[in-house]
Amino acid sequence: MWKKMVFILAVAAGLQVGCDDDSSSNNNTNNVNNSNNTTPLPEMRCQSAPSADISFTDVSDEVGIGVDGAHLLGNHLGAVDLNGDGYPDIIVHSGNGGLRDAEGTEEYLRGKHILMNEADPQDPERRRFVDFTEASGYDIIPDSGDRGRGASWAVAGDFNNDGHVDLLSGVYGETTQPEIVDRTTVLLGDGQGQFSPQGGEEPFNDISRYSNVSGSLLDYDRDSQLDIFLGYFYSSYGIGPQQDRLYRNANIAGVYRDVTDAMGLTTYNGGEVDGINHKATWGVTACDVNGDGWTDLISSNYGRAYNMLWLSTDGTGFENHTMTSGIAADDNLDWSDNQFYVCHCVLGGGTECDDVPPGTQLINCTSDNWNVGFDDQPWRNAGNTGTSVCADINNDGFMDVYHADITHWHIGQSSDFSQLLLNNGEQATTFTRPDLADIGLDRVHESVDWNQGDIFAMAVDIDNDGYLDIIVGDTDYPGTKLRIFRQLADGTFEESAEELGVYAPRAAGLTYLDYDGDGDYDLLVGFSRMRCTTADADCIFDEPRVRLFRNDGASSQNRVTLSLAGTGAFGGSNTLAIGAVIKITTGDMTQTREIQSGYGHNSIQHPFEITVGLGEACVIDKLEIFWPNKNRTTYTVENVPANYHYTVLESTGISAFTPLSVQ
C-alpha cells in the first residue's frame with residue numbers, strides 16, 4: 001500500500017510543478033547533508049558478517065509455476081510490478097505467441113501469461129505466483145471481448161503518466177504470414193494489473209511494418225512523455241531487412257508520430273560500407289552511452305552485420321556513430337578459416353585463393369556457397385547480435401556494452417563472438433574490446449563442430465559485492481546453457497553457473513527479479529526445445545518450461561534498494577523515471593546504474609526498482625540521482641544507511657523507507 005501512496009504523492013507534486021513554466025521550479029534540489037529531505041533518514045543497520053558466498057535454489061514448484069501449479073511455459077520473459085504492491089510480477093510469451101490462441105486452448109498452453117506475485121495464504125512469509133492472464137485482459141482480442149490475442153513480447157512504462165504501469169505489447173510476424181493478424185499496441189494499466197487498449201494513432205500498427213522483434217522506451221526529448229524505439233527484422237526471413245523506427249509520444253491520448261527521418265535515424269537499401277543500410281535488427285537498447293544526459297540508441301543486428309549506435313544531439317536528433325565508436329564489429333577480418341571460403345577454393349576458386357590462402361578443410365565440399373565481393377567484405381564479417389547490454393560494468397562512470405552473439409564454428413574467426421566493449425570515456429565515444437581470454441569471458445569448446453547460441457544477456461550484481469556480473473542465455477544447440485560470469489574485484493570474470501546451483505541447458509530467455517523482497521536478485525530462466533532430438537541428453541525438459549532460481553546468500557551483504565518516482569508533469573520526469581541515472585559512492589568505489597525499460601532480443605524486461613550491492617559498506621557516502629527531466633536536475637544526499645528500500649520522489653527526495661533484513 002505504501003508504494004501506491006508514493007505514486008499518488010508523486011503525481012500530485014508533479015501537478016504543482018506543471019503549473020509553472022519557469023525553469024527555476026524544476027526542483028533542482030541539492031540535498032547534501034540531508035538538509036532538504038522531507039523524511040528524516042533511518043538509523044544505521046549493518047550486516048554482522050557480510051559474505052559474497054551465494055548459491056541458487058530452484059523454487060519453481062514452491063512458488064507455483066511448476067507443472068503442479070501454473071505449469072509456466074515460454075521463452076520471452078519479463079518481470080515488473082504491475083499492481084504497485086512492491087513485488088515484481090511476471091510476463092511470459094512463447095516463441096509462437098504472435099499467433100492467436102485457438103478457442104478452448106488449455107490455460108498453460110496459451111502463448112502469453114501474466115502471473116501476479118502474492119503472499120502464500122499457507123505461509124504469509126513466502127511468495128507465490130498466480131496466473132492472472134484472463135483477469136488482466138492482456139490477451140483480449142480487440143473489438144471482440146474474446147481471449148487469444150497474439151503477442152510476442154512486452155515492455156513496461158507509463159505512457160500517460162498516471163502512476164500506473166502500462167505495456168507496449170509487441171507482435172512479431174513476417175509479412176508473408178497472413179495468420180499473424182494482431183499488431184503491436186499500447187495497453188494502459190489501471191494499477192491493479194488489468195489492461196485495456198489505448199487506441200488512437202499507432203503508426204507501428206502499419207501492416208508493412210510489423211516484423212518488429214524488439215522495443216525499448218525512452219524520453220528522447222525529456223518532455224516527460226515516453227517514446228518508443230522499435231527494431232525491425234526481415235520482412236520475410238533472409239529477405240528485406242527493414243528500417244528501425246522511433247515513435248514520439250505526442251502527449252495526446254493514444255497519438256504517436258513516426259519521427260525516424262526527422263530525428264536523423266534513416267537507413268537505406270544499400271550503404272553497407274558506411275553502415276547506413278537497413279539491417280535485420282534482433283534487439284534494440286536505449287541508454288545514455290556517452291553520459292551527456294540524453295538517451296542514445298543501439299541496434300543489435302543479425303546476419304553478420306554491423307551493430308549500430310546513434311548518439312543523441314541534445315534531444316533534437318541523432319548522429320550515426322556506428323563506425324567511429326567501434327560498436328559495429330570487431331577488427332578480425334580473417335575469413336580464411338570460413339568453411340564456405342575453404343570449399344570455394346577447394347572447388348576451383350580464383351586468384352583470391354592465392355591472395356588469401358584457405359584454412360583447413362573440415363566439411364565435405366559439395367557446393368560453392370562463397371560469394372566473392374560479398375562474403376569477403378568487412379560488413380559481412382561482423383556478428384549475429386541478439387542483445388546489447390548497456391551498463392557500467394567496470395565502475396568507471398561510463399556506460400559499457402556487452403554484445404551477445406550467435407557464433408558458428410564453420411564460419412570461422414571473422415564472425416564476431418559475444419564480447420565486452422569498455423567505454424573509453426572520451427568525448428568522441430569509443431570502445432575497447434579486451435581479449436576474452438584475458439578477462440575470463442572466453443569459452444572452451446569440447447568439439448570441433450560447436451555453436452554458441454548467445455541471444456539473451458544481462459548485467460546484474462548477483463552477490464551484492466558492488467561488481468556487475470554478466471549472465472548469458474546460450475541456447476538452442478547441444479552444449480549450450482545459461483552462463484553466469486561472476487566479476488571479481490580485479491575486473492576479470494569466472495564462469496560459475498553450475499557451481500552456484502544453476503544448471504539451465506539451452507537457456508532461451510531470462511530476466512532477474514527480487515521476487516521475495518529480500519534485497520538480492522533471483523533468476524527467471526526459460527528452457528528451449530528448438531533443435532532438440534531424442535539423442536540430446538541436455539534437453540532436460542520435454543517442453544519449454546520456465547524455472548525460478550532463488551538467490552540464497554546475497555542478502556547477507558550490505559545493499560540498498562531504490563524506487564524512483566518522477567512527477568510526470570510538464571518539465572518533470574516520466575513517473576517511472578526511465579532514463580534516470582543513479583550514482584552510489586562508498587569509499588573509493590562509485591557505482592552507476594541507469595533505469596531502463598526493456599531491451600535486447602524480444603525485449604527483456606527487468607523491474608524498475610534498483611538494488612545496489614554495497615559489500616562490506618554499511619553506509620552510502622553519497623547518493624546522486626540525475627533525473628531525466630527538462631533541466632536534468634540532480635538530487636544529492638550523503639550518509640545514507642544501507643539495508644533499506646528507499647522511495648525517492650523527484651519533487652521532495654527520499655520520502656519513505658522500509659528495512660531490508662540483516663544478520
Side-chain angles (χ1 to χ4, degrees), residues 234 237-239 241 272-273 277 279-280 282 301-307 328-386 403-419 433-438 440-455 472 474-481 483 495 505-506 528 530-539:
Y234 296 113
Y237 184 79
I239 301 172
E272 287 85 355
V273 173
N277 57 303
K279 303 174 184 68
W282 243 7
N301 296 314
Y302 180 77
R304 304 209 311 277
Y306 289 149
N307 297 310
D330 66 27
D331 57 4
N332 188 336
L333 300 178
D334 180 6
W335 63 81
S336 62
D337 61 345
N338 185 315
Q339 292 300 296
F340 293 138
Y341 178 71
V342 172
C343 285
H344 167 73
C345 294
V346 167
L347 295 173
T351 58
E352 66 276 356
C353 297
D354 297 324
D355 297 334
V356 180
T360 303
Q361 179 184 347
L362 299 173
I363 63 174
N364 292 325
C365 296
T366 58
S367 60
D368 187 350
N369 296 304
W370 183 261
N371 298 295
V372 177
F374 176 78
D375 289 320
D376 51 10
Q377 298 302 301
W379 42 266
R380 176 61 174 158
N381 287 274
N384 301 294
T385 309
H403 289 319
D405 281 73
I406 286 183
T407 313
H408 303 295
W409 70 276
H410 62 276
I411 300 300
Q413 296 296 312
S414 66
S415 181
D416 287 10
F417 290 78
S418 298
Q419 201 162 23
R433 297 173 181 249
D435 182 85
L436 293 174
D438 288 346
L441 290 175
D442 58 334
R443 313 282 173 86
V444 176
H445 299 291
E446 298 178 356
S447 63
V448 172
D449 56 340
W450 55 266
N451 296 282
Q452 286 183 192
D454 298 0
I455 303 178
V472 179
D474 181 6
T475 187
D476 286 349
Y477 300 97
T480 59
K481 61 181 180 178
R483 299 178 187 273
E495 205 287 302
R506 308 195 186 213
S528 175
M530 288 186 66
R531 299 185 176 88
C532 280
T533 69
T534 56
D536 293 323
D538 60 351
C539 291

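Residue numbers start at 1 and run along the sequence shown.
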With side-chain contact (heavy atoms from CB on, under 4.5 Å) as the criterion, how do Trp335 and Ser415 come out once you've worked through the C-alpha distance, each side chain's angles and the decisive distance to 0.1 Å?
CA-CA 8 Å; Trp335 63 81; Ser415 181; over 6 Å; no
Checking side-chain contact (heavy atoms from CB on, under 4.5 Å) for the pair Trp409/Gln339: CA distance, chi angles, key distance, verdict?
CA-CA 9 Å; Trp409 70 276; Gln339 292 300 296; 4.2 Å; yes
Between Tyr234 and Trp282, is the ring centre distance below 6.0 Å?
no
When you measure from the side chain of Asp416 to the backbone of Asp330, do you find a donor-acceptor pair of N or O atoms at a distance under 3.5 Å?
yes
For residues Asp449 and His410, determine if any side-chain heavy atom of one lies less than 4.5 Å from a side-chain heavy atom of the other.
no
Sidechain N-carboxylate O distance under 4.0 Å for Asp454, Arg443:
yes
In this structure, CG of Asp435 is separated from CG of Asp442 (nearest 0.5 Å) by 7.5 Å
Side chains of Gln452 and His408, donor plus acceptor under 3.5 Å
no
Smallest heavy-atom separation, Pro358 atom then Cys345 atom, equals CG-CB, 3.7 Å
Heavy atoms, side chains only, cut-off 4.5 Å: are Val448 and Leu362 in contact?
yes
Indicate whether the side chain of Thr385 and that of Asn301 have a donor and an acceptor atom separated by less than 3.5 Å.
no
Any sub-3.5 Å donor-acceptor pair from Asp536's side-chain atoms to Thr533's backbone N or O?
yes
Is Asp474 paired with Arg483 through a side-chain N to carboxylate O contact shorter than 4.0 Å?
yes
Donor-acceptor pair, distance only, cut-off 3.5 Å: does the side chain of Glu352 make one with the backbone of Gly350?
yes
Backbone of Glu272 reached by a side-chain donor or acceptor of Tyr306 within 3.5 Å:
no
Any side-chain heavy atom of Asp405 sitting closer than 4.5 Å to one from Phe417?
no
Thr366 and Asn364: side chain donor to acceptor below 3.5 Å:
no
Can a salt bridge be assigned to the pair Asp538 and Lys481 using a cut-off of 4.0 Å between side-chain N and carboxylate O?
no
Under the criterion side-chain contact (heavy atoms from CB on, under 4.5 Å), I'd like the reasoning laid out for Leu333 against Arg380: C-alpha separation, chi angles, the key distance, then a yes or no.
CA-CA 9 Å; Leu333 300 178; Arg380 176 61 174 158; over 6 Å; no
Looking at Phe340 versus Trp370, is the centre-to-centre ring distance below 6.0 Å?
no
Quick check: closest heavy atoms across Ala280 and Pro241, and the distance to 0.1 Å?
N-CB, 3.7 Å
Side chains of Ser528 and Asp476: donor-acceptor distance under 3.5 Å anywhere?
yes
Will you find, in the side chains of Ser336 and Asp334, an N or O donor that is under 3.5 Å from an N or O acceptor?
yes
Can a side-chain donor-acceptor contact be found between Thr351 and Asp354 if the only test is distance below 3.5 angstrom?
no
Sole residue of Asn338, Asn332, Thr407 in side chain to side chain contact (heavy atoms under 4.5 Å, CB included) with Gln413
Asn332
At what distance, to the nearest 0.5 angstrom, does CG of Asn371 lie from CG of Asp368?
8.0 Å
Give the minimum heavy-atom separation between Ser367 and Cys343, together with the two atoms involved.
O-CB, 4.2 Å
Side chains of Met530 and Arg506, heavy atoms from C-beta outward: is any pair under 4.5 Å?
no
Nearest 0.5 Å, what's the CZ-OG1 distance between Arg531 and Thr475?
8.5 Å
Hey, what do you get for SG (Cys365) to CG (Leu347), rounding to the nearest 0.5 Å?
5.5 Å
Test side-chain contact (heavy atoms from CB on, under 4.5 Å) on Asn307 and His403; report intermediate values, then the result.
CA-CA 9 Å; Asn307 297 310; His403 289 319; 3.5 Å; yes
What are the two closest non-hydrogen atoms of Gly349 and Cys353, and how far apart are they?
CA-SG, 3.9 Å
Check whether any side-chain heavy atom of Ile455 lies under 4.5 Å from a side-chain heavy atom of Ile406, and answer yes or no.
yes
Donor-acceptor contact below 3.5 Å, side chain Asp438 vs main chain Pro434:
no
